[in-house]
Asks: 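Okay, handing you the structure first.
What you see is a predicted model; the values in this text were computed from it and never measured. So that the names make sense, note that chain A is the first sequence line, chain B the second, and so on, each numbered from 1.
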2 protein chains.
Amino acid sequence: MDDISVRPARIQDVAAAAGVSVSTVSNVLNRPERVNARTAARVRDAVAALDYVPHPGAAGLRTGHSSSIGLVLPDVTNTFYSRIARGAADAAYDHGYSLVLCHSADAPEREQGYFTMLVEQRAVGAVVVPLSADPTRLSRLRERGIPLVLADRAMSAEDGCSVSVDDMAGGRIAVQHLLERGARDLLVVNGERTIRQCADRHQGARQAVRSRREARLEQVVAKEMTVAYGLEIARRLDDLPDGVFCTNDFLAAGLCRGLAERGVRIPDDVQVVGYGDLDIASFVGTPLSTVHQPVEDLGRAAVEMLLDEVEARAEHAHEARVFAPGLVVRDSTRPASGG
Amino acid sequence: MDDISVRPARIQDVAAAAGVSVSTVSNVLNRPERVNARTAARVRDAVAALDYVPHPGAAGLRTGHSSSIGLVLPDVTNTFYSRIARGAADAAYDHGYSLVLCHSADAPEREQGYFTMLVEQRAVGAVVVPLSADPTRLSRLRERGIPLVLADRAMSAEDGCSVSVDDMAGGRIAVQHLLERGARDLLVVNGERTIRQCADRHQGARQAVRSRREARLEQVVAKEMTVAYGLEIARRLDDLPDGVFCTNDFLAAGLCRGLAERGVRIPDDVQVVGYGDLDIASFVGTPLSTVHQPVEDLGRAAVEMLLDEVEARAEHAHEARVFAPGLVVRDSTRPASGG
DNA sequence: GAACCGTGCGGGAGCGCTCCCACACCTCGC
DNA sequence: GCGAGGTGTGGGAGCGCTCCCGCACGGTTC
């Protein structure tokens, strides 16, 4: 019952069981082509019989490389980040690496603490969504030779790879869609302009409008990108636009509710596009058309770029990979009947 | 610039710099009381000067214990699980352990693969939300002497610790609340009865009703616990109850919308309580009263119980820790004015 | 038959650290 | 003045593994 004290088999045990040397077992496991097929078979039998599981930590001590990757996120609970985590976990699993979850909890000193931990563990690299755009904090990792790729943040190409979504394109396709549906009097409901994403989405929106001379674009800025502020804005709106692009689904959800309160019909009177394709977008009364971001792909790509850097070293060229968002069309821009 | 090749300082380098032996450095770091204060200070200076970072992997090789804990989840993207992850990450951080994120992706073979990985890494233990109630798969870990604590799943006490939320209590307080608000003709909108959580919440609801002779309780089962099915159920309801307990917030959100379509006023005509305190509960038109689960606490407690088992070994007694849910009262059971 | 080569295997050092033990030195007490 | 006891430090083996070599053996070739 209480077999807690069984010591796991070591490579020597396998060697003894198979009647070969430790080196040979190691070779069978790592460079099978060097060893005679019959010997290899014997070794493998012994491995199976003893249920031998190699100890990568010990191997790493010898070889100098570990097999863990850090994933540093401000908040796992946020869907955006947890989707990154999922993508990253999948990729890490596929490549036989383990992912160390580092939840920086929006606290810089904790982020720093995790960096130290990753240095200690000799992690092969890290995927990080940094708390601030200020890159000096990242230097702790970089000066230790731990490669990193940033997610959702730009980084100068000399410093490393990064992955992100093209927010300008997102804003553009959202507004293009509105224009295609016939809207001409457009409103962007945005978050603080200091948030890069918000600025980019707005700029994308402006680009789209520029192509249609007769269209005009207003902007209103919400203090926070929440349902409550969306609602508030809808209530205060003086003259109604015929198309609204909210730079986030929460704002859009609130806005729709506020408009509904005023008796405004969606999409007949006003068409609305959100951003993010969050759960809420499809749950809402009139399901929201929205911009979908391939976030899992970010995570996956991030660890793959990291591993490329680790494995290729010299030949590796840093890359800022930008993913294209897509439009999800739902009822908030789709006439109830017909096309 | 390209200092990628700098080799990190080893304990020997520190020893040399401080003019002491390797053992002394090790002692300063691990059992400072054994070493003279002045020597210790000299060593610490050297550590700082060389920016020495100890290598727990090497230490672990010697001591036999590693410092990583596995966290095996069906899906990081699910809020329930990501909240567990947050709690677990916080606790692990506080105790100086690193958390290895294992995303089993609802695939048993992948879960198994992660178990093997954890065995390889000699993880000190694992917190797992298993894919199936069948415990045999977990044996891979247990027979290797890797302690584990189950989250959100029962486990016989001989086999290990577990953490969970008391779903019966949750159902009870939800319905008690409805009763206190004067509802007597109650309906439970439930998920499949084969889901343990659903069965428990229903049973709790029945317990609560039993205390009020004049109250009655019906149940309707939704195929899936989604907004769509909640909506559907609201549409088909023949005679309206005056209180509804939905065993999940999605169902509740859909139900509310369906009732609103029919002109039913919430909470005036029908009071509604959801379950889970998901984001959606507060976003919805009439914010939902709902049962809140202290999920972060589960995660935190899980790793703490795990560490207790690891550190106390002999004295450790397995425990099935059950957390109490709480009620969050919002508009769906609160008369617009007054109490 | 000697020289050579290729293949397969084993010896053993060493990765960075911990920790047991021995040793040096100092202070007391008698 | 000598042993006992205490304190502080160092030597060195060994954790499980990898990988560089070097050796043995059998087969070619001239």
Asks: Compare all side-chain heavy atoms of A/F323 with those of A/S164 and state whether any distance is below 4.5 angstrom.
Replies: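 A side-chain contact is absent here, since even the closest heavy-atom pair is not under 4.5 Å.
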Asks: Would you check if the side chain of B/H55 reaches a backbone N or O of B/G57 as a donor-acceptor pair within less than 3.5 Å?
Replies: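 Yes, because the side chain of B/H55 sits within donor-acceptor range (under 3.5 Å) of the backbone of B/G57.
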Asks: Can you find a pair of side-chain heavy atoms, one from B/L150 and one from B/L138, that are under 4.5 Å apart?
Replies: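 A side-chain contact exists here, since the closest heavy-atom pair is under 4.5 Å.
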Asks: Determine which bases of DNA chain D form Watson-Crick or G-U wobble pairs with both distances under 3.5 Å, and write the result as a 5' to 3' dot-bracket string with | for other-strand partners.
Replies: ||||||||||||||||||||||||||||||
Asks: Any side-chain heavy atom of B/T39 within less than 4.5 Å of one from B/V20?
Replies: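 Result yes, sub-4.5 Å side-chain heavy-atom pair found.
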Asks: Looking at DNA chain D, which of residues 10-19 of chain A put a heavy atom within less than 4.0 Å of it?
Replies: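 Output list: A/R10, A/I11.
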Asks: For A/P54, answer base if it contacts any base atom (sugar-phosphate contacts may also be present), sugar-phosphate if it contacts only those atoms, and nothing otherwise; contact means non-hydrogen atoms under 4.0 Å.
Replies: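 Sugar-phosphate contact only.
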Asks: Report the residues that fulfil ring pair (Phe, Tyr, Trp, His ring centres under 6.0 Å) with A/Y93, sequence neighbours left out, ordered by chain and then residue number.
Replies: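 Residues passing ring pair (Phe, Tyr, Trp, His ring centres under 6.0 Å) with A/Y93: B/Y114.
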Asks: Is A/D13 salt-bridged to A/R10, cutoff N-O under 4.0 Å?
Replies: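 Here A/D13 pairs with A/R10 in a salt bridge, since their nearest N and O are under 4.0 Å apart.
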Asks: Looking only at side chains, do A/S23 and A/S26 share a donor and an acceptor under 3.5 Å apart?
Replies: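 Side-chain D/A pair, A/S23 to A/S26: absent.
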Asks: Strictly by modelled atom types, are B/T79 and B/S82 linked by a side-chain donor-acceptor pair under 3.5 Å?
Replies: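 Side-chain D/A pair, B/T79 to B/S82: absent.
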Asks: Indicate yes or no: at least one non-hydrogen side-chain atom of B/H95 is less than 4.5 angstrom from one of B/E304.
Replies: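 Yes, close enough: below the 4.5 Å cut-off.
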Asks: B/R144 side chain to A/P8 main-chain N or O, any donor-acceptor pair under 3.5 Å?
Replies: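 Such a contact is absent between B/R144 side chain and A/P8 backbone.
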Asks: With nearest nucleotide decided by heavy atoms, which residue, B/T39 or A/H55, maps closer to the 5′ end of DNA chain D?
Replies: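 Its nucleotide being nearer the 5' end, the pick is B/T39.
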Asks: 5' to 3' on DNA chain C, which nucleotides open and close the contacts with chain A (atom under 4.0 Å from a heavy atom)?
Replies: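 The contacted stretch runs from C/dG8 to C/dG16.
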Asks: Would you say the side-chain atoms of A/S66 pair up with the backbone N or O of A/R122, donor to acceptor, closer than 3.5 Å?
Replies: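 Present.
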Asks: Under 4.0 Å from any atom of DNA chain C, heavy atoms only: list the residues of residues 112-125 of chain A that qualify, in numerical order.
Replies: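 Residues of residues 112-125 of chain A under 4.0 Å from DNA chain C: none.
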Asks: Could you run through nucleotides 19-25 of chain D and give me one letter per nucleotide, 5' to 3': B if any protein heavy atom sits under 4.0 Å from the base, S if only the sugar-phosphate is that close, - if neither?
Replies: B------
Asks: Assess whether a salt bridge exists between A/D90 and B/R110, defined as any Lys/Arg side-chain N lying under 4.0 Å from an Asp/Glu carboxylate O.
Replies: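 Yes.
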Asks: Keeping B/R86 on the side-chain end and A/T77 on the backbone end, is there a donor-acceptor pair under 3.5 Å?
Replies: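 Not at all, since once roles are kept as given, no pair shorter than 3.5 Å links the two residues.
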Asks: When you compare the side chains of A/S98 and B/Q121, does any donor N or O come within less than 3.5 Å of an acceptor on the partner?
Replies: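 There is such a pair between these side chains.
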Asks: Whether A/E296 and A/R300 form a salt bridge (side-chain N of Lys/Arg under 4.0 Å from carboxylate O of Asp/Glu) is what I want to check.
Replies: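 Salt bridge between A/R300 and A/E296, a charged N being under 4.0 Å from a carboxylate O: no.
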